[in-house]
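Before any comments, here is the structure.
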Number of protein chains: 4
Amino acid sequence: MAKRAVHASVKDERLIKKRRDQMIKGAVTLFKEKGYHRTTTREIARAAGFSIGTLYEYIKNKEDILYLVCDSIYDHVTERLEEEINNRTGNLQSLKAAIAHHFKVMDEMQDEVLVMYQEAKSLSKDALPYVLNKENELARVFEVMIRRCIETGELHLKETDISLIAHSIIVQGQMWGFRRWVIQKRYTLEQYIEIQTNLILYGITKKD
Amino acid sequence: MAKRAVHASVKDERLIKKRRDQMIKGAVTLFKEKGYHRTTTREIARAAGFSIGTLYEYIKNKEDILYLVCDSIYDHVTERLEEEINNRTGNLQSLKAAIAHHFKVMDEMQDEVLVMYQEAKSLSKDALPYVLNKENELARVFEVMIRRCIETGELHLKETDISLIAHSIIVQGQMWGFRRWVIQKRYTLEQYIEIQTNLILYGITKKD
Amino acid sequence: MAKRAVHASVKDERLIKKRRDQMIKGAVTLFKEKGYHRTTTREIARAAGFSIGTLYEYIKNKEDILYLVCDSIYDHVTERLEEEINNRTGNLQSLKAAIAHHFKVMDEMQDEVLVMYQEAKSLSKDALPYVLNKENELARVFEVMIRRCIETGELHLKETDISLIAHSIIVQGQMWGFRRWVIQKRYTLEQYIEIQTNLILYGITKKD
Amino acid sequence: MAKRAVHASVKDERLIKKRRDQMIKGAVTLFKEKGYHRTTTREIARAAGFSIGTLYEYIKNKEDILYLVCDSIYDHVTERLEEEINNRTGNLQSLKAAIAHHFKVMDEMQDEVLVMYQEAKSLSKDALPYVLNKENELARVFEVMIRRCIETGELHLKETDISLIAHSIIVQGQMWGFRRWVIQKRYTLEQYIEIQTNLILYGITKKD
DNA sequence: TATGAATGAGGTTTCATTCAT
DNA sequence: GATGAATGAAACCTCATTCAT
C-alpha cells in the first residue's frame with residue numbers, strides 16, 4: 001500500500017524531510033503528554049522550532065501531523081524488527097529472539113505506541129486504512145517466522161491459527177506498555193519476556 | 001476504592017440515575033462514532049433527549065460525562081463476569097467457561113471498550129486511578145479462578161505468573177474488539193475463543 | 001416621591017413583608033461579598049431560606065432584589081438620622097451632634113453603603129431616580145439644620161452654598177467607608193469625626 | 001509598586017500598545033454606558049475595531065480589560081495633575097490652583113472615574129491593590145503641597161491631619177462627578193470649585 | 001521560504017426565569 | 001403558597017487556518 005501523500009507548499013524535498021522530522025519529534029513529545037486533541041498547532045510549531053506560518057507550509061491541516069506521527073512510529077517499529085530478523089535463521093530459537101527483540105522495542109517506544117493507539121481513530125477515513133495496514137505488515141513478519149518453524153517441524157499448527165498467533169504476539173508486546181501501571185510494577189522486562197514467551201509456546205496446562 | 005462523586009444540582013436521586021443513564025447511553029453512541037473530543041456537550045444533551053441546560057444540572061463539566069461512561073462500562077463488564085462465575089465450581093472447566101463468557105461480553109461491548117481505552121487518558125488525575133483500578137478488579141476475578149485450578153492440581157504455575165496471565169486473558173479479550181478489522185474478518189467468535197483458549201492453556205509448541 | 005411598586009404573585013401583605021426581609025438580608029450579605037452581578041438568584045433564595053421558585057413569587061426579576069436592597073438601606077440610614085434630630089434643637093451644637101451621629105451610622109453600614117454605590121447603576125431607568133431622590137432627602141435633613149444655624153446667627157452662609165455643604169457632609173460620611181483601606185488604618189472613627197467636623201466648620205487656613 | 005503584567009500572545013510591543021489603546025477606548029465608552037458586567041467581550045472587540053479573536057491576542061481574559069482601563073484612567077489623572085504642579089511654587093496660591101486644576105480634570109473624566117469606582121471591586125485580589133495604591137499616590141501629591149504651605153506658614157495643621165485633608169480634596173473632586181445629577185444641576189464647575197475651595201480653606205463658621 | 005497577526009466559527013458553561021406538580 | 005427541574009439564550013474563550021509582509 002502506497003504512502004498517503006501530504007501536501008506541502010515548499011518544493012525542496014530535502015527541506016520538507018528536515019522540517020517534518022522536527023515537527024514529528026515535537027508533536028510526539030506533546031502528544032505523549034497531553035494527547036492529540038489537547039495539543040495546539042502553535043505548540044507543535046514552537047516545539048519544532050519554527051513558526052505557525054512555517055508549519056502550514058509543510059502540511060495542509062492538523063490531521064496531517066497525526067498521520068505523519070503514526071506513519072513515523074510504525075516505520076520505526078517495522079524497521080527495528082526487520083533489522084533483527086535479517087540476522088536470523090528460521091528456527092524456533094530465532095522466533096524466540098525476535099519476540100524478545102520486539103518486546104524490547106515496544107518497551108523503548110511504549111509512549112509512542114500508546115499515543116498512536118489512542119489517537120489513530122482521529123485520522124480521517126482517508127488515512128486510517130493505511131495505518132491499519134501497517135499493523136498487518138508487522139504481523140506478517142511474525143507469520144513468516146512461524147511458518148518457517150512449522151516447516152522445520154518445531155511447531156505444529158493449523159494454517160488458520162498462524163495469523164492469529166502473530167497478532168497475539170504483537171498484542172502482548174503492546175500490553176507491556178498499555179498496562180504499565182500494573183505490569184511494570186510487578187515484573188521486569190526480562191521476566192515479562194520470559195513468562196509471555198513460555199505462555200505462547202507452552203501454555204499453562206500442567207504437563208508431566 | 002470508593003466511587004468518585006459527581007456533582008448534581010438536582011436532588012432527587014431517582015431522577016439523577018434516570019437522567020444519567022439517558023446521558024451515558026447518548027454519549028456512548030456518539031463517542032463510538034466520533035470520539036470524546038469531537039463530540040460536543042450539546043450533541044450529548046440532544047442524544048440524551050434533553051436540553052443543554054438540563055445536562056449541566058446533572059454534571060459539573062464535560063469530563064464528568066466521560067467518567068460516568070467509563071464507570072458504567074466497567075460496571076457492566078464486571079457485573080456480567082460475576083454473574084457467570086457465581087454458577088461455577090473452581091475447576092479448569094469453569095475457567096474455560098469463564099474465558100468464553102468474558103470473550104462474548106467483550107464481543108457485545110467491543111465499541112464501548114474501545115471508546116474507553118481511547119479516551120480514558122482524557123480523564124483528570126482525579127478520576128483516572130479509579131478507572132484503572134476497575135481493570136485490576138476484573139483481573140482479580142480471573143486470578144481467583146486460576147488459583148483454584150492450581151489447588152485442584154489442574155494447573156501448575158508459579159505464584160508470580162498468576163496475575164500476568166489474568167491480565168493476559170483480559171487483553172486477549174480486548175484484542176477481539178481492537179483488531180476487529182483483521183481478526184473478525186478471518187475468524188468467527190467461536191473460533192477465536194477456541195484458538196485463544198488453547199493457546200493460553202496448551203501453548204503452541206508441538207507436543208508428542 | 002412614591003415608592004416604586006414591586007410585583008408579587010402572593011397576596012398576603014404580611015407574608016410579602018416577611019419574605020422580602022429574608023430576601024434582603026440574604027442578598028445584602030452576598031452582595032457585600034461578591035457584588036450584585038456575581039451573585040445568582042439561586043444563592044439569594046438559599047441565603048433567604050427558601051427555594052428559587054418561592055423567590056419569584058415575591059419579585060418579578062433579579063433587578064427587583066437590587067431595588068429592594070437599595071431601598072431598605074436608604075430607609076435605614078434616613079430613619080437612623082431622623083430619630084437623632086428629633087431630639088435636638090436647631091443650634092450649631094446639635095448640627096455637630098447630627099454629623100457625628102450620621103458618621104457613626106455610616107461606620108455601621110459601610111458595607112451596605114458601598115454595595116449600594118457600586119451596584120445602583122445596574123438599576124433600570126425606572127428605579128434609579130427613586131434611589132437618587134433618597135439621597136436628596138437625606139441631604140435635605142442637613143440643609144434644614146444648617147438653615148436653622150443661620151437663623152440663630154451661628155453660621156453665616158449664602159443660600160446657594162447650603163445644599164452643597166449638606167451634600168458635602170454626606171460625602172464625607174461615605175468617604176469613611178469608601179476609603180477604609182487607607183483612612184481606617186490611620187484614624188479612629190472618633191478622630192475622623194473630629195477632624196472632618198473641624199474642617200467643615202473652620203477650614204484649614206491658619207487663623208490669628 | 002510595579003505595574004501588573006498583562007499577558008499578550010503578540011510580540012510586537014508597539015502593536016500591543018496601539019491595540020490596547022483602541023481596546024481601552026472602546027471599553028471605556030461601553031463601560032460608561034452599561035457597566036463592566038453588562039458589556040460583552042465581543043462588543044469591546046467591535047468597538048475597538050477588531051475581531052474577538054484579535055482581542056484575545058492582547059489579553060488573557062475579560063478582567064484584564066478592566067485592569068487596563070483602571071490603570072489607564074489613573075495614569076491619565078496623575079499625569080494631568082503632575083504636569084500642573086511642575087509649574088508651581090509651593091504656596092497657598094498654587095495649592096488653590098492645583099485643586100482647581102484637579103477638579104477640572106475630574107470634570108473632564110467624570111464618566112471614567114465613575115466607571116472605575118463602580119467596577120474596581122470586580123478586579124481580582126491580584127490587581128486590586130495596585131489600583132488602590134494609585135489612589136494613594138494621587139493623595140500624596142496633595143500632601144506634599146499642603147506640607148509646603150505649612151512650611152511657608154500659610155497653613156497651620158497638625159501632621160496627622162494632612163493625609164486626611166489630601167484624601168478629602170480628592171473625594172470632593174470625585175463628588176462633582178458622582179453627584180452630578182444634583183450638583184451639576186445647581187452649580188457651574190467654577191462655582192463648585194470656588195465654594196469647595198473656600199470650604200476647605202476657611203470652613204463654614206461665621207467669623208468676625 | 002518564513003513569519004506571526006488576524007480571523008471567527010464553534011466549543012463549554014452559566015444562570016435568570018418559567019411552570020407543572 | 002412552595003417547590004425545584006427544565007430551559008435556552010448568551011456569555012467567555014480557544015485555536016485551526018489564512019495571508020500580507
Side-chain angles (χ1 to χ4, degrees), chain A residues 8-12 15-16 19 37-46 49-65, chain B residues 8-12 15-16 18-19 37-45 49-63 65, chain C residues 8-12 15-16 19 37-46 49-65, chain D residues 8-12 15-16 18-19 37-46 49-65:
Chain A
S9 304
V10 170
K11 299 296 163 209
D12 181 346
L15 198 52
I16 293 179
R19 292 273 180 263
H37 281 101
R38 292 207 199 291
T39 302
T40 68
T41 51
R42 266 166 145 107
E43 288 172 320
I44 296 170
R46 197 181 318 129
F50 38 74
S51 75
I52 182 66
T54 302
L55 186 79
Y56 275 88
E57 294 291 316
Y58 295 92
I59 51 154
K60 217 176 79 283
N61 51 41
K62 192 184 175 186
E63 203 214 289
D64 280 348
I65 306 175
Chain B
S9 302
V10 169
K11 294 291 159 65
D12 182 343
L15 197 53
I16 291 179
K18 181 181 155 194
R19 292 275 179 264
H37 282 101
R38 292 210 200 287
T39 302
T40 70
T41 51
R42 268 184 163 84
E43 287 171 321
I44 295 170
F50 37 67
S51 74
I52 182 68
T54 300
L55 184 79
Y56 277 91
E57 292 285 311
Y58 296 91
I59 50 154
K60 221 176 76 284
N61 50 41
K62 191 183 175 187
E63 203 215 290
I65 306 175
Chain C
S9 304
V10 171
K11 299 295 161 210
D12 182 344
L15 198 52
I16 291 180
R19 292 272 181 264
H37 281 101
R38 293 207 199 289
T39 302
T40 69
T41 50
R42 265 165 146 109
E43 288 172 321
I44 295 169
R46 196 182 319 131
F50 38 73
S51 75
I52 182 68
T54 302
L55 185 79
Y56 275 88
E57 294 289 315
Y58 296 92
I59 50 154
K60 219 176 76 284
N61 50 42
K62 192 183 175 188
E63 202 214 292
D64 280 349
I65 306 174
Chain D
S9 302
V10 169
K11 294 291 159 65
D12 183 343
L15 196 54
I16 291 179
K18 182 180 155 194
R19 291 277 178 263
H37 282 102
R38 291 209 200 290
T39 302
T40 70
T41 50
R42 267 188 161 79
E43 288 171 321
I44 295 170
R46 197 179 319 128
F50 38 66
S51 74
I52 182 67
T54 300
L55 184 79
Y56 277 91
E57 292 285 312
Y58 295 92
I59 51 157
K60 219 174 78 285
N61 49 42
K62 193 183 174 188
E63 203 215 290
D64 279 349
I65 306 176

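Below, each value reflects all heavy atoms present in this structure, side chains not excepted, and no hydrogens, waters or symmetry copies. Residue numbering restarts at 1 for every chain, and letters A, B, ... go by the order of the sequence lines.
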Checklist line | Under 4.0 angstrom between A/Thr40 side-chain N/O and F/dC15 OP1 or OP2 | finding: no

Note to self: Expressed as a whole number of angstroms, how long is the span from A/Ile52:CD1 to F/dT14:P?
What the structure shows: 16 Å

Item checked: Separation of D/Lys18 NZ from D/Asp12 CG (nearest 0.5 Å) -> 9.5 Å

Notebook entry, point to check: Contact class for B/Arg19 vs. all strands (heavy atom < 4.0 Å): base, sugar-phosphate, or nothing?
Noted result: sugar-phosphate

Next item on the list: Measure up the C/Tyr58 and C/Phe50 rings against each other and bin them: parallel (under 30°), tilted (30 to 60°), perpendicular (over 60°).
Entry: tilted

Checklist line | Degree of bending, the helix from E/dA2-F/dT21 to E/dT21-F/dA2 (end axes from five pairs; round to 10°) | finding: 0°

Next item on the list: Can you tell me the distance, in whole Å, between the CZ atom of B/Arg42 and the P atom of F/dA10?
Entry: 12 Å

Margin query: Nearest heavy atom decides the nucleotide; on that basis, is D/Lys11 or B/Asn61 closer to the 5' end of DNA chain E?
Written below: D/Lys11

Item checked: Partners meeting side-chain contact (heavy atoms from CB on, under 4.5 Å) with D/Ser9 (sequence neighbours left out) -> D/His7, D/Glu57

Checklist line | Integer-rounded Å distance: F/dA11 P and D/His37 NE2 | finding: 13 Å

Note to self: At less than 4.0 Å, is any side-chain N or O atom of C/Thr54 found next to OP1 or OP2 of F/dT3? Yes or no.
What the structure shows: yes

Item checked: Position toward the 5' end of DNA chain E (nearest nucleotide), A/Asp12 or B/Glu63 -> A/Asp12

Checklist line | Heavy-atom contact window of chain C on DNA chain E, given 5' to 3' at under 4.0 Å | finding: E/dC15 to E/dT18

